[in-house]
2 protein chains.
Amino acid sequence: MEEPMYIKIHNQIKREIESHIYKVGSRIPSERQLALKFGVSRMTLRQAIKTLEDEGILEQRLGSGTYVANQKVQEKMSGIMSFTDITHANGQIPSSKLISYRVGKPSLSEMERLHLAKDQTILRMERIRYADNVPICYEVVTIPHKLILGMSKENISTHLYRTLEQNGYEIGRVTEHISAAIANENAARLLNAKKGEALITRLQVTELSSGEPFEYTRASYVADRFEFTFSK
Amino acid sequence: MEEPMYIKIHNQIKREIESHIYKVGSRIPSERQLALKFGVSRMTLRQAIKTLEDEGILEQRLGSGTYVANQKVQEKMSGIMSFTDITHANGQIPSSKLISYRVGKPSLSEMERLHLAKDQTILRMERIRYADNVPICYEVVTIPHKLILGMSKENISTHLYRTLEQNGYEIGRVTEHISAAIANENAARLLNAKKGEALITRLQVTELSSGEPFEYTRASYVADRFEFTFSK
DNA sequence: CAGTGGTCTAGACCACAAA
DNA sequence: TTGTGGTCTAGACCACTGA
């Protein structure tokens, strides 16, 4: 027996929800019925349900039953509001321009952050993000090439996370570092700012649920035009 | 029986950890021993331990035992690690110097952020924070005077949150804005930095659980010496 | 009322860690 | 090898929900 029974049951119920056999908001069979169906004790069945509850997929109501939970707010990308969220919240229209997209050898910092050997290749994308057509952010995204073999440039550059999940990867921990810097000539030109202006810098490393890092992003935001907001 | 047994056991173990009967990093008795001690089945005892694990208070290691987890990051102050936490994590010693502490009239921005009428007075504190005696941060904290009547300068300036809670106030939502700026002459002097250097700026408004804002902080960090880190 | 989830028992066998 | 946590069983009684 490779996996524990309650994990198998967890996966099975999750599949049934994803294939809409159990619909959002509806009640699934009772613990006793499911235990019978899967041929396990009720305690074991409860263990499976508990893990689904922890993931926000199921919701139990005392005396009433177990329900498929509504989709929760995506909290995947850390406590910070994403660029798209913030611009939308401000009534602005976000857009972005891909300025490079190349496979090549990793730099030292990329090797370190992504746990790469020096013979492994990476995909590196550069992008400018805009709010109402004003440049706000310059970002460089690096991804191990082997993770995205066979995926289209279109999918990778416009919705990387969704594309990875559709290919069976699961996103795990996200770590971010935020600091500040002075705009050099290059950044000033790309962002239509002045050399010597203040930039917010952001490093982000995203891992798969296996713990393997899959994305390393370095972004610079024009401080006059952007701020990070979060509340708790 | 008011509370379930596993909650009682949870509380009891938590108390024993807080009173240092079980020390941080040390192993607590095995599940079987604790079940015997509390006169419950092992499954029930495991349920108690599971809740403590979910809170990050205990940590179980297969084949080895159950351990008191290291202190987690204070989550009170939003997802960001606090200054004290970060310096500690880096093996540095945090300290701070109060450079002013005065009651007076609020500025326009203070009136707005703290929802004050213009005849209400405020307490304004300025402080420099250090890591290993290197200045890292200059911050200005403003508090409505009426909220802290009768509290000592010592208590307010060194542990404001604890003092407020001891006086019956409950801390509510925290909102932060992070951006960047260029050091002016004054900031450079206070932080032993150069004019034109990059600073991280942080605005924070903290509310009581009633929704009334009680603290407005403006802080500037020397970007070369500090970064905000958080992960999810 | 009948059915549900919440709690609890007293065992059992397993895989893993440390000695 | 011994002791640990991880999993699992086949019951039980309770409090709660909803008809």
Side-chain angles (χ1 to χ4, degrees), chain A residues 1-17 21-70 72 172 209-211, chain B residues 1-17 21-70 72:
Chain A
M1 202 108 60
E2 177 67 58
E3 280 176 327
M5 201 55 207
Y6 76 97
I7 298 285
K8 288 183 184 172
I9 296 173
H10 161 113
N11 294 335
Q12 174 63 24
I13 293 178
K14 195 166 175 178
R15 272 193 299 275
E16 294 183 353
I17 290 169
I21 294 174
Y22 299 139
K23 291 177 183 161
V24 171
S26 71
R27 205 181 72 173
I28 71 172
S30 74
E31 295 179 351
R32 286 164 182 85
Q33 285 169 23
L34 288 171
L36 201 62
K37 166 181 169 185
F38 289 110
V40 298
S41 72
R42 195 178 145 216
M43 286 300 272
T44 301
L45 191 279
R46 274 180 68 77
Q47 220 176 334
I49 287 189
K50 181 65 165 56
T51 61
L52 288 161
E53 226 190 339
D54 286 346
E55 293 179 36
I57 293 171
L58 290 180
E59 183 185 324
Q60 294 201 291
R61 298 177 207 157
L62 204 164
S64 173
T66 304
Y67 297 79
V68 180
N70 293 318
K72 291 206 314 184
S209 55
S210 62
Chain B
M1 203 112 56
E2 177 66 57
E3 280 176 325
M5 201 54 206
Y6 77 96
I7 297 286
K8 288 184 185 172
I9 295 173
H10 162 112
N11 294 335
Q12 173 63 25
I13 293 178
K14 197 165 172 177
R15 272 195 298 275
E16 293 183 354
I17 290 169
I21 294 173
Y22 300 137
K23 289 175 186 166
V24 170
S26 70
R27 206 181 71 173
I28 72 172
S30 74
E31 295 179 351
R32 288 163 181 84
Q33 287 169 19
L34 288 171
L36 199 63
K37 166 181 168 185
F38 289 110
V40 298
S41 73
R42 193 175 148 220
M43 286 300 270
T44 300
L45 191 278
R46 272 180 70 76
Q47 220 176 333
I49 286 189
K50 181 64 164 55
T51 61
L52 288 161
E53 225 188 342
D54 286 345
E55 294 179 36
I57 293 171
L58 290 181
E59 182 185 325
Q60 293 201 292
R61 298 178 207 155
L62 204 162
S64 173
T66 303
Y67 298 79
V68 180
N70 292 319
K72 288 210 316 186

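Reminder, nothing fancy here: chain letters follow the sequence lines and each chain counts from 1.
Q47(B) has a side-chain polar atom (N or O) that falls below the 4.0 Å cut-off from OP1 or OP2 of dT7(C). Listed pair T44(B) / dT9(C) meets the phosphate criterion, a side-chain N or O lying under 4.0 Å from OP1 or OP2. The side chain of Y6(B) contributes an N or O atom lying less than 4.0 Å from OP1 or OP2 of dT7(C). Proximity of S64(B) to the phosphate of dC16(C): no side-chain N or O atom is located under 4.0 Å from OP1 or OP2. Residue Q60(B) places no side-chain N or O under 4.0 Å from the OP1 or OP2 atom of dT4(D). Look at T66(B) and you'll find a side-chain N or O under 4.0 angstrom from OP1 or OP2 of dG5(D). At the phosphate of dT4(D), OP1 or OP2 sits under 4.0 Å from a side-chain N or O atom of Q33(B).
For S30(B), the listed nucleotide lying nearest its side chain is dG5(D); candidates were dG5(D), dT9(D), dA10(C). If you check dA18(C), dC16(D), dT7(C) against the side chain of L62(A), the one that comes closest is dC16(D).
Across all strands shown, R46(A) has heavy atoms under 4.0 Å from base atoms, whether or not it also approaches the sugar-phosphate.
A donor N or O paired with an acceptor N or O is found under 3.5 Å between the base of dG5(C) and the side-chain atoms of R32(A). With hydrogens and angles ignored, a donor-acceptor pair closer than 3.5 Å exists between the side chain of R42(B) and the base of dG6(D).
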Verdict with reasoning, Y22(A) to E16(A), per side chain to side chain donor-acceptor pair (under 3.5 Å): CA-CA 6 Å; Y22(A) 299 139; E16(A) 294 183 353; 3.2 Å; yes
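The residue among R61(A) and I7(A) whose nearest nucleotide of DNA chain D is located toward the 5' end is I7(A). Residue order along DNA chain C, read from the 5' end via each residue's closest nucleotide, puts G63(A) first among E53(A) and G63(A).
A salt bridge is defined here as a Lys NZ or Arg NE, NH1 or NH2 lying under 4.0 Å from an Asp or Glu carboxylate O, and R42(A) with E31(A) meets this definition.
Across all their heavy atoms, Q12(A) and F38(A) have their closest contact at CG-CE2, 3.7 Å.
Proximity of a side-chain donor or acceptor of S26(A) to a complementary backbone N or O of K23(A) within less than 3.5 Å is detected.
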